[in-house]
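I have placed the structure first, in the form of structure tokens, so that the comments after it can refer back to it.
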Amino acid sequence: NISLQNCSFQGNSASGSGQGGAIFIYHSNWNITLQNCSFQNNFVGESEGGALVVYPGNQDISLQNCLFKANNASGKGGAVFLNNVGEQLN
């Protein structure tokens, strides 16, 4: 299990074809909770998910009371990109 609380992700980027300016989750088996986290001014230049990218796996992901502000991606998901994921966002 991974739990991040009261975190700030600011001014992060992924270069080239990288995804998820702040966090990239790829086919994980972890249960992930992000609570009271702030994602601001994160950027992806050539792909998806300015702040957060999640690809399907066996994970449960929960975003609780998180702020997404001024994130940018040249592709899909300026803030969050969920690729074929059936997660519930709170």
Side-chain angles (χ1 to χ4, degrees):
N1 293 338
I2 295 175
S3 179
L4 300 175
Q5 298 176 340
N6 304 311
C7 294
S8 178
F9 299 90
Q10 294 184 306
N12 298 290
S13 65
S15 60
S17 61
Q19 299 179 357
I23 297 177
F24 178 67
I25 301 168
Y26 187 76
H27 299 291
S28 77
N29 293 317
W30 306 319
N31 294 321
I32 301 165
T33 300
L34 302 173
Q35 185 176 30
N36 299 320
C37 293
S38 171
F39 295 83
Q40 297 186 54
N41 300 307
N42 298 292
F43 175 75
V44 173
E46 297 179 21
S47 199
E48 292 88 13
L52 172 65
V53 169
V54 179
Y55 276 84
N58 293 321
Q59 76 271 359
D60 288 327
I61 183 167
S62 177
L63 304 177
Q64 302 170 0
N65 197 36
C66 292
L67 170 70
F68 293 88
K69 182 177 178 182
N71 297 286
N72 196 323
S74 62
K76 300 172 185 173
V80 177
F81 179 70
L82 303 176
N83 186 8
N84 296 318
V85 177
E87 275 35 307
Q88 177 179 349
L89 300 179
N90 299 318

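Residues: numbered from 1 along the sequence shown. Note that the structure is predicted; figures quoted are calculated from it, not measured.
- Of the inter-residue distances, the one linking Leu63 atom CG with Asn36 atom CG reads 11.5 Å to the nearest 0.5 angstrom.
- Considering all non-hydrogen atoms of both residues, Gly18 and Val44 come closest at O-CG1, 3.2 Å.
- Every ring-ring contact (aromatic ring centres under 6.0 Å, His included) that Phe39 has, sequence neighbours left out, goes to Phe9, Phe68.
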Exercise for the section: Would you please test Ile32 and Ile23 for side chain to side chain contact (heavy atoms under 4.5 Å, CB included) and show each step? Expected result: CA-CA 12 Å; Ile32 301 165; Ile23 297 177; over 6 Å; no
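- For residues 68-78, the pairs satisfying side chain to side chain donor-acceptor pair (under 3.5 Å) are Asn42-Asn71, with sequence neighbours left out.
- Partners of Gln19 under the side chain to side chain donor-acceptor pair (under 3.5 Å) rule, at least two apart in sequence or in another chain, are Ser47, Glu48, Tyr55.
- To the nearest 0.5 Å, atoms CG (Leu34) and OG (Ser62) are separated by 8.0 Å.
- Heavy atoms only, all atoms of each residue included: Gly50 and Ala73 are closest at N-CB, 3.6 Å.
- Cluster annotation: Val54 is not connected to Leu67 through the hydrophobic network of ILVMFWY side chains, with a link wherever side-chain heavy atoms come within less than 4.5 Å.
- When the side chain to side chain donor-acceptor pair (under 3.5 Å) test is applied to Ser38, the partners found at least two apart in sequence or on another chain are Gln40.
- Every residue two or more places apart in sequence or in another chain was checked for a ring-ring contact (aromatic ring centres under 6.0 Å, His included) with Phe43, and none qualifies.
- Evaluation of the side chain to side chain contact (heavy atoms under 4.5 Å, CB included) rule for Glu46 yields no partner, not counting sequence neighbours.
- Going from atom CZ of Phe24 over to atom CG of Leu52 covers 10.5 Å, rounded to the nearest 0.5 Å.
- The minimum heavy-atom distance between Val53 and Gly20, with the atom names listed, is CG2-N, 3.3 Å.
- The distance from atom CG of Asn65 to atom SG of Cys37, rounded to the nearest 0.5 Å, is 9.5 Å.
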